[in-house]
A.B. asks: 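Mind having a look at this structure? Questions to follow.
In this text the structure is predicted, and so the values were computed from the model without any measurement.
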Amino acid sequence: MTDGFGARLANVVAEHGPLCVGIDPHAPLLTEWGLADDAAGVREFGLRVVEAAAGRIGIVKPQIAFFERHGSAGYAALELVLAAARAAGLLVIADVKRGDVGPTVDAYGEAWLTAGSPLEADAMTAVAYQGFGSLDSVFARAAAAGKGVFVLAATSNPESAEVQARRGIDGTTVAADMVRRAAAHGGDVGVVVGATVSLPELGLDPMILADVPVLAPGFGAQGARLADAPQLFGPAIGRVLPNVARSVLGAGPAGIADAIDAARSEVASWQR
């Protein structure tokens, strides 16, 4: 029987800690790394990040857009990076932010969460703008394969409050409803909550947030500090997967390993 994603994730965090490193080969970083802004460049970038991450941390999050912008060649590069990461024992969260209804959304789940798929990852990010139930087939596919889904709840961009802070007739915000619905899946469905947001302003109860895995972008270049995470997330801090990208990747190929070690040590201080 396939272990559920929640259990798999807990094992990874217990062994390597919760730090997640983004694989974000955007053009300026490629230049800093001395790589061409093409499919070969993003492939080399991704493989070097995987090499630096393996054995240091347990989770990586490729940002698919930076591969997708190079078309089919970019996707071929991505397939190699995904395979290398999973072969290295890393848990891979594909940051794809997919969402739709019916056969279309199910096809997204098939692409990213099916064992043996060229794009196979351990989890994917998803958008429930069409309603949380629109992702039911993706959740079912993920559960059957021991995979995970992280649903956007409270993202780190300032424009997000226009939608995510809106309240329904029962007074619950959109963000809080996403968390509540995800919590019903027993730890196999997580949420994305940016480290730059105010939980009270978005109506997010840390006690409920503690019932789900929380992928938390926004650390580093977007302004949030790893040291402040325990204060921000309170009793939910034990479920938080802090994602760092530019603040680590900017160290370049010669310095990325040390930068990952430094970030990992800072996160480890949460438990001290």
A.B. asks: Should the pair R246-D24 be classified as a salt bridge under the 4.0 Å nitrogen-to-oxygen rule?
C.D. replies: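 Judged by the 4.0 Å cut-off on N to carboxylate O distance, R246 and D24 do not form a salt bridge.
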A.B. asks: Please check if the number of heavy atoms outside E51 that lie under 6.0 Å from its CD is greater than 12.
C.D. replies: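 For E51, atom CD is not crowded (no more than 12 foreign heavy atoms under 6.0 Å).
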A.B. asks: Would you kindly say whether S117 and E110 are connected by a side-chain donor-acceptor distance under 3.5 Å?
C.D. replies: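 No, no side-chain donor-acceptor contact under 3.5 Å.
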A.B. asks: For the residue pair F132 and F139, does the interplanar ring angle fall in the parallel (under 30°), tilted (30 to 60°) or perpendicular (over 60°) class?
C.D. replies: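 Rings of F132 and F139: tilted, 30 to 60°.
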A.B. asks: Considering the options V212, V191, T125, which one meets the side-chain contact (heavy atoms from CB on, under 4.5 Å) requirement together with F150?
C.D. replies: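 Of the listed residues V212, V191, T125, the side-chain contact (heavy atoms from CB on, under 4.5 Å) partner of F150 is T125.
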A.B. asks: Can H26 and D37 be counted as having a side-chain donor-acceptor contact under 3.5 angstrom?
C.D. replies: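 Checked: H26/D37 side chains show no N/O donor-acceptor pair below 3.5 Å.
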A.B. asks: In terms of hydrophobic clustering (I, L, V, M, F, W, Y; side-chain heavy atoms under 4.5 Å; direct or indirect links), are V138 and V92 co-clustered?
C.D. replies: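 Same cluster.
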A.B. asks: Charged N to carboxylate O under 4.0 angstrom, R167 versus E201?
C.D. replies: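 Here R167 does not pair with E201 in a salt bridge, since their nearest N and O are not under 4.0 Å apart.
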A.B. asks: Give the minimum heavy-atom separation between F5 and K147, together with the two atoms involved.
C.D. replies: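 Taking F5 first and K147 second, the nearest heavy atoms are CB-O, 3.1 Å.
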A.B. asks: With side chain to side chain donor-acceptor pair (under 3.5 Å) as the test, would you mind laying out the steps for T155 and Q164 before giving the verdict?
C.D. replies: CA-CA 8 Å; T155 54; Q164 294 161 11; 3.2 Å; yes
A.B. asks: If the threshold is 4.0 Å, N to carboxylate O, is there a salt bridge linking K61 and D95?
C.D. replies: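 Salt bridge between K61 and D95, a charged N being under 4.0 Å from a carboxylate O: yes.
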A.B. asks: Do R69 and D38 sit within salt-bridge range, that is, some charged N less than 4.0 Å from a carboxylate O?
C.D. replies: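 So R69 does not pair with D38 through a salt bridge.
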A.B. asks: Measuring only between side-chain heavy atoms, which start at C-beta, is V267 closer than 4.5 Å to P18?
C.D. replies: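 Result yes, sub-4.5 Å side-chain heavy-atom pair found.
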A.B. asks: Salt bridge check, R98 against D100: does any charged N sit closer than 4.0 Å to a carboxylate O?
C.D. replies: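 No salt bridge links D100 with R98.
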